[in-house]
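Inspection log for the structure reproduced underneath, given as structure tokens.
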Amino acid sequence: MSVLVIGMGLVLVYQTFLLRRGSASRRDRVVAFAVTGFAFAFAATAHYVPHWVNPNRAIEFVFGPIQGLIVRK
Amino acid sequence: MKNQGTITGLQLGSLIFVYVFSTTIAFVLGPLAKEVAFGGVYCIALAAAAGTALVTLSLRFALRRPSAYVGVYGAKIMGRAGHTAILWLSAFFFLHLSAHILREFTDFFVPTYLRETPAVAVAVLVMSAAASMAQSGVSVAFRFAQGCFLIIGLLFLIKPLFFMPELHTPMWHAFIQIHDWKSLWGQTYSLIPWYGELVLLAYIVPQFEVGQKVRRAVWIGSMAGTYILISEFVLMIVFLGPKLSGALLYPALELSGFLHLGDFVHNMDAIIVSIWFAGLFIKLSIIFAIGTLLTSQALGLRDYKPITFSLAGFVVALSLVLARYPTELAHYFDSSWATFALFVQSLYFLYPLVDRLRGKRRRAD
């Protein structure tokens, strides 16, 4: 978890630098930081409860039966 | 994003050539041999034709407006809600695919060459490099592919020469018979979206240099890559046999273990894996770059660069949770990924369809 915090901290610093250099609008800054926040929240959730954030389960739930009909083994 | 328009036909063909076989050669040939044995050759050929046709059809619409991004003008065709939904689904698909490729690579590389190294460390290192390439721009991946494709292609072209004595076998007769039509259809269906992933090219049309014969480059690159795939598959089946090829986790790697170079290189698989990794890295970088671009367009951002490393972190985390172990990952992949991929890839075709229907309505009015 500490590695995640340090890593995301570095990403945040670099992101701030890029936004300043590109003279980004307020909206762009808010959205960019929100993406970093989402990535951090996702990674933290993945660390503690990985089965909650596994999209393959949802993909299999939706598309598995359809594929089963198309490709009958 | 600025319209740079620097990708040449050669760069495009090089990337597609490497893209087509880089992951398939390592991760798909084994299961293909297990399901259809000798019929795998037909699966690869049919999937190549169908998938490449899908891609060139998507480019036909995109090339009508060569200086505008579909991710930007698509809202005028589909309406904001529909367009945003397509962008989000497509972005998720490409980021999920990046995570999948990263996970497959760590599952292969860490137990084989880096035992006791945490997989997350390898994933972070690889993804940092891929994110840096994406940060530099989509055209950089194409230039990198142009630099690498000769070495990669040459390696896989000369590889069969090392196995010439083994190619004298009565097994060739089995290649002309189709034993199981159901399995042939199933595996062809699973392979088509691997080629269909190249629909990503339709989202970056303004990056292509003006006057390039884009669709021709796509076909040439795709067929050249397919030739490498088919030759590797045939080699694998003839040398290892269909049962052993299907039983091994990475049969192409096992095949490389039999290559020797004089007395000083007893095992060439380290050299081959190093060169092969360049191909995988190109594929990972371009898919991640497109995923990042589509995410930025869905969010309405002026520039995708500030969110590149954040999304790289997301992809690393995603790669770790996709499955508990390799067989579970393979199960998810076999049971539903092909349909999910085809669904997302065909979402792109809503743009030309709606555009045509609206055009007809305008003419009727």
Side-chain angles (χ1 to χ4, degrees), chain A residues 3-25 27-73, chain B residues 35 92-93 95-96 99-100 103 118 120-121 124 128 131 135 180 182-183 185-190 292 295-296 298-324 328-329 331-344:
Chain A
V3 173
L4 172 66
V5 170
I6 294 167
M8 279 307 191
L10 288 169
V11 168
L12 206 61
V13 165
Y14 183 59
Q15 190 175 49
T16 312
F17 164 74
L18 277 178
L19 288 165
R20 272 207 192 134
R21 194 178 69 168
S23 306
S25 65
R27 184 197 173 267
D28 280 6
R29 281 174 207 244
V30 168
V31 170
F33 290 136
V35 170
T36 306
F38 167 76
F40 178 77
F42 182 87
T45 312
H47 178 71
Y48 291 110
V49 275
H51 50 277
W52 280 16
V53 293
N54 182 2
N56 279 345
R57 296 170 80 188
I59 292 168
E60 196 189 23
F61 180 73
V62 174
F63 294 99
I66 303 170
Q67 182 152 324
L69 286 171
I70 297 170
V71 179
R72 287 182 192 273
K73 288 198 174 179
Chain B
E35 294 294 328
F92 171 72
F93 169 71
L95 292 174
H96 176 264
H100 185 90
R103 177 59 186 269
V120 64
V124 166
S128 305
Q135 181 91 342
D180 186 350
K182 223 187 228 182
S183 297
W185 159 243
Q187 290 304 306
T188 305
Y189 178 80
S190 298
T292 308
T295 306
S296 73
L299 290 167
L301 288 172
R302 194 170 54 97
D303 189 11
Y304 68 95
K305 288 181 184 179
I307 61 170
T308 307
F309 283 96
S310 313
L311 288 175
F314 167 72
V315 166
V316 169
L318 187 60
S319 76
L320 297 172
V321 302
L322 283 181
R324 284 169 293 179
E328 191 180 72
L329 188 74
H331 163 73
Y332 280 131
F333 194 79
D334 291 338
S335 64
S336 55
W337 183 84
T339 307
F340 167 59
L342 281 172
F343 168 72
V344 175

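Proteins come first, then strands; the chains are lettered A, B, ... in the order of their sequence lines, and each starts at number 1. Here the structure is a predicted model, which is why all the values come from computation and not from measurement.
Residue A:Leu18 comes nearest to B:Gln135 through the heavy atom pair CD1-NE2, 3.1 Å, listed as atom of the first residue, atom of the second, then distance. Taking all atoms of both residues into account, the shortest heavy-atom contact from B:Leu301 to A:Arg27 is N-NH1, 4.4 Å. When all heavy atoms of A:Gly64 and B:Ser336 are compared, the closest pair comes out as N-CB, 3.7 Å. For the residue pair A:Phe42 and B:Val321, the shortest heavy atom distance occurs at CZ-CG2, 4.5 Å.
A 4.5 Å side-chain heavy-atom check between A:Pro50 and B:Leu320 finds every atom pair outside the cut-off. You'll find the side chain of B:Phe340 stays beyond 4.5 Å of the side chain of A:Val62, heavy atoms only. In this structure the side chain of B:Leu322 reaches within 4.5 angstrom of the side chain of A:Pro55, judged on heavy atoms. A:Val71 has its side chain out of reach of B:Lys182: every pair of non-hydrogen atoms, C-beta onward, lies at least 4.5 Å apart. Looking only at side-chain heavy atoms (C-beta outward), A:Tyr14 and B:Thr308 stay at 4.5 Å or farther from each other. Taking 4.5 Å as the limit, some side-chain heavy atom of B:Tyr332 sits within range of a side-chain heavy atom of A:Asn54. Side-chain atoms of A:Gln67 and B:Asp334, non-hydrogen and from C-beta on, never get closer than 4.5 Å to each other.
Contact residues of residues 4-11 of chain A toward chain B are A:Met8, A:Val11 (heavy-atom distance under 4.5 Å).
Heavy-atom pairs under 4.5 Å with chain B were tallied for A:Thr36, A:Asp28, A:Val35, A:Val31; the largest tally goes to A:Asp28. Per-residue counts of heavy-atom pairs under 4.5 Å with chain B were compared for A:Arg57, A:His51, A:Arg21; the largest is that of A:Arg57. Here B:Ser310 is the residue among B:Ser296, B:Ser310, B:Ala317 with the most heavy-atom pairs under 4.5 Å with chain A. Each of B:Gly300, B:Ala312, B:Ala99 has some count of heavy-atom pairs under 4.5 Å with chain A, and the biggest count is that of B:Gly300.
Put simply, the side chain of B:Trp185 gets close to the backbone of A:Ile70: a donor and an acceptor are under 3.5 Å apart. For B:Arg302 (side chain) and A:Ser25 (main-chain N/O), no donor-acceptor pair under 3.5 Å exists by modelled atom type.
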Q: Give the C-alpha distance, both sets of side-chain angles, the deciding distance and a yes or no for side chain to side chain contact (heavy atoms under 4.5 Å, CB included) between A:Phe63 and B:Leu342.
A: CA-CA 10 Å; A:Phe63 294 99; B:Leu342 281 172; over 6 Å; no
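For B:Tyr189, the side chain to side chain donor-acceptor pair (under 3.5 Å) test picks out B:Thr339, with sequence neighbours left out. Take B:Ser335 and apply the side chain to side chain donor-acceptor pair (under 3.5 Å) test, not counting sequence neighbours, and it matches A:Glu60. Scanning for side chain to side chain donor-acceptor pair (under 3.5 Å) contacts around B:Arg324 gives B:Glu328, with sequence neighbours left out.
No part of A:Arg29 comes within reach of chain B, as not one of its non-hydrogen atoms sits under 4.5 angstrom from that chain. B:His100 does not touch chain A: none of its heavy atoms, backbone or side chain, sits under 4.5 Å away. In this structure, chain B has no heavy atom under 4.5 Å from any part of A:Phe17.
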